[in-house]
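All figures in this text were calculated on a predicted structure; none of them were measured in a lab.
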There are 2 protein chains.
Amino acid sequence: MRPTVHDIAASAGVSLATVDRVLNARPGVRAVTRAKVEAAIERLGYVRDVAAANLAKGRIYPLVFIIPEGENPFMRGLEAEVRQAMDRVTFDRTSISVVNVPPFDAHALAAAIDAAVAGEVAGIAAVAVDAPEVVDAIDRAHAEGVAFVTLVSDLASSRRDHFCGVDNVAAGRTAGSLMARFLGDREGPVAVLAGSMRVRDHSERLSGFSAVMAEAGCGRHVLDVLEGQDDPVRARALVARCLAEFPGLAGIYSLGAGNAGLVAALEAAGRPGLCVIAHELTPPTRAGLESGIVDAVLHQDAGHEVRSAIRVLRAKADGMKPVAAQERIRIDIFIKENLPPPDPETGTALAGEG
Amino acid sequence: MRPTVHDIAASAGVSLATVDRVLNARPGVRAVTRAKVEAAIERLGYVRDVAAANLAKGRIYPLVFIIPEGENPFMRGLEAEVRQAMDRVTFDRTSISVVNVPPFDAHALAAAIDAAVAGEVAGIAAVAVDAPEVVDAIDRAHAEGVAFVTLVSDLASSRRDHFCGVDNVAAGRTAGSLMARFLGDREGPVAVLAGSMRVRDHSERLSGFSAVMAEAGCGRHVLDVLEGQDDPVRARALVARCLAEFPGLAGIYSLGAGNAGLVAALEAAGRPGLCVIAHELTPPTRAGLESGIVDAVLHQDAGHEVRSAIRVLRAKADGMKPVAAQERIRIDIFIKENLPPPDPETGTALAGEG
DNA sequence: CTGTTAGCGCGTTCAA
DNA sequence: TTGAACGCGCTAACAG
């Protein structure tokens, strides 16, 4: 059997309370006594039973996830993952709630953060918008001792504790590299469809993509960015106009949402041979891959991001280790052939690590 | 606060013991009493605290992972993931041990399975070899009530409870599709380097790859399979000879291990423009991607597989739900641009879900 | 500074 | 068929 607090108390010749004080780094223990206890811990190879500890302390950790509302399928999948995680974390004495805010709205986001802080939560996860008032709100949370992680889109200039998301510059580079390889010698410029340059993930992807396109051995012209606000209707109109305007277009890189509009415009135009790369495996992009309209989809695993955020927030709230640096999220590449079966539960279209 | 057994006992007007009997479906409760309790459970929305339950019952679940020995980097990474998981699952009252067997050795594997069963374990995870005696051993484990999952390589004809690994036919198809796209109009046959056709994962990958190569719109010739036994030295020799024999070779698909030999042979030969696709992100394939010798690497997340195996085995040992069908493992695609930073802990070269 | 004691939510004897 | 009492490993009051 594994050694318990009793064993180490006996072995060190002290009482359980003293052992507990040492374990939890609480004051009121002489250095000599502490050394004895620590020796016993080392000697017996003691590791504390976290479940029992949580059970005993009874404290619960309230976390808040702030997620953009609206019909963006990726965000809806993200929210579904959060709701699914709620059940799984109860044993960890963690309770999660979700708050929705209008997309791209810095003011609303800042207000939501302040409200959560006022609500005495232990930690906050939010999809950041790049604006000074958001930075201020995050810094206020930090000042109040509330753990904070940015989700999907980062805000490195703030005092957030961690970023749960992909390296979006690398994602853009990946898209560029695939586009270049798929196009080969084919001539023509490429278009970029984005949501808004006011979120960091979009602007970072663009910079990575543009960099590859400009590099030696590629040298392909990138047209002006089309900003569709992640709205399918606007995206469709922008893409349709672009297709009409540039008959020689070789490819389209869609780095935001609103992909339902993109796919619709492409279907209507019927332009085989056009290389299309999009982000996030959602119902529209999945359909595009299956029909052959979309060549590749870059993806981030929302479930992984959510679980990572929970772990980091809990650790921070507990004052635990300086956050596991291993929480890096992969940039997934999907083509028609490695498309995973859809997940009926979350709609994220991905089988997920439980 | 969440309702506890006390609450539902009070609400139902019975004692805790009765509530417990109902919760654990034990006999000795009148139908009427049971109904009252179930009504209370429903009414209060009670969910049992698994951590506390495990703490109370004190039972511990011994699991065994049987993994091929030798220098196959993927297998070593897999084992590292298992060892890393050991610490994390102690709170779950699960203890894991690792057993090594010679690779591709059906007899040794069957013996190891029998030994584990004799050792009264709760569950076994093993990398299967395709042989009747292995099927028999798995079926014996099943008969003894020991949960069994195949890991990485399946044996669907046995009575294993679950397979923790990727769809290898789809992985082969993915490789084929990427190869076709990367090659474009370039002429020439492609070679396939495998470990052994006696493990299902290798043979399935080959069939998927060959199918795509034979399909309309591709029609590329696939040379006879080179079987390198996942040994770098043999692999190197085989590839070197093949390169010499076929100057017009367009690509190589390496679907097994031994990739250190493949990369070495390619470096020595210096054949730019050759499209190379390999499996599993390990030190040699990572180096190949970084140097540009390898174009793409298909990967399965060993950490994910291990954690999934543990969850499934635990659930089965507890007689829980008929196994979450959601435990599907993704086929990851890596190119130079989306290469994750190496993980110093496991050597699996992947940031991993903790 | 240190030790005693009473739970946390649940499972499991034993009696009734 | 039912109930009371104890313990799992740990934390947190309170004493000393």
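Spacing between atom CZ of A:Arg21 and atom C1' of D:dC14 amounts to 11 Å, rounded to whole angstrom units. The separation between A:Asp20 atom CG and C:dT5 atom C1' is 14 Å, rounded to whole Å. For the pair B:Arg26 CZ and D:dT2 C1', the interatomic distance rounds to 14 Å; values are reported in whole Å. Atom NZ in B:Lys36 sits roughly 15 Å away from atom P in D:dT1 (whole-Å rounding). Remark: P of C:dG9 and CG of B:Leu44 are 14 Å apart, rounded to the nearest angstrom. B:Ile8 has its CD1 atom 12 Å from the P atom of D:dG3, to the nearest Å. As rounded to whole Å, 17 Å separates atom P of C:dG9 from atom CG of B:Asn24.
With respect to the salt-bridge test (charged N to carboxylate O, under 4.0 angstrom), the residues A:Glu79 and A:Arg83 qualify.
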**OP:** Could you check B:Leu313 against B:Thr94 for side chain to side chain contact (heavy atoms under 4.5 Å, CB included), going step by step and ending with a plain yes or no?
**Re:** CA-CA 10 Å; B:Leu313 288 176; B:Thr94 304; over 6 Å; no
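Expressed to the nearest 0.5 Å, how far CG of B:Leu78 lies from CD of B:Gln300 amounts to 8.5 Å.
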Would you tabulate the nitrogen or oxygen pairs shorter than 3.5 Å linking the protein to nucleotides 5-9 of chain D?
| unit_1 | atom_1 | unit_2 | atom_2 | d |
| --- | --- | --- | --- | --- |
| D:dC8 | O2 | B:Leu55 | O | 3.4 |
| D:dC8 | O2 | B:Ala56 | N | 3.2 |

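Residue A:Ser15 places none of its side-chain N or O atoms closer than 4.0 Å to OP1 or OP2 of C:dT2. Taking only side-chain nitrogens and oxygens, B:Thr33 comes nearer than 4.0 Å to OP1 or OP2 of D:dT2.
Side-chain contact, B:Thr150 with B:Asp154: a donor N or O sits under 3.5 Å from an acceptor N or O.
The side-chain contact (heavy atoms from CB on, under 4.5 Å) test with B:Glu144 is passed by exactly one of B:Val121, B:Val117, B:Asp114: B:Val117.
For B:Asn100 (side chain) and B:Ile67 (main-chain N/O), a donor-acceptor pair under 3.5 Å exists by modelled atom type.
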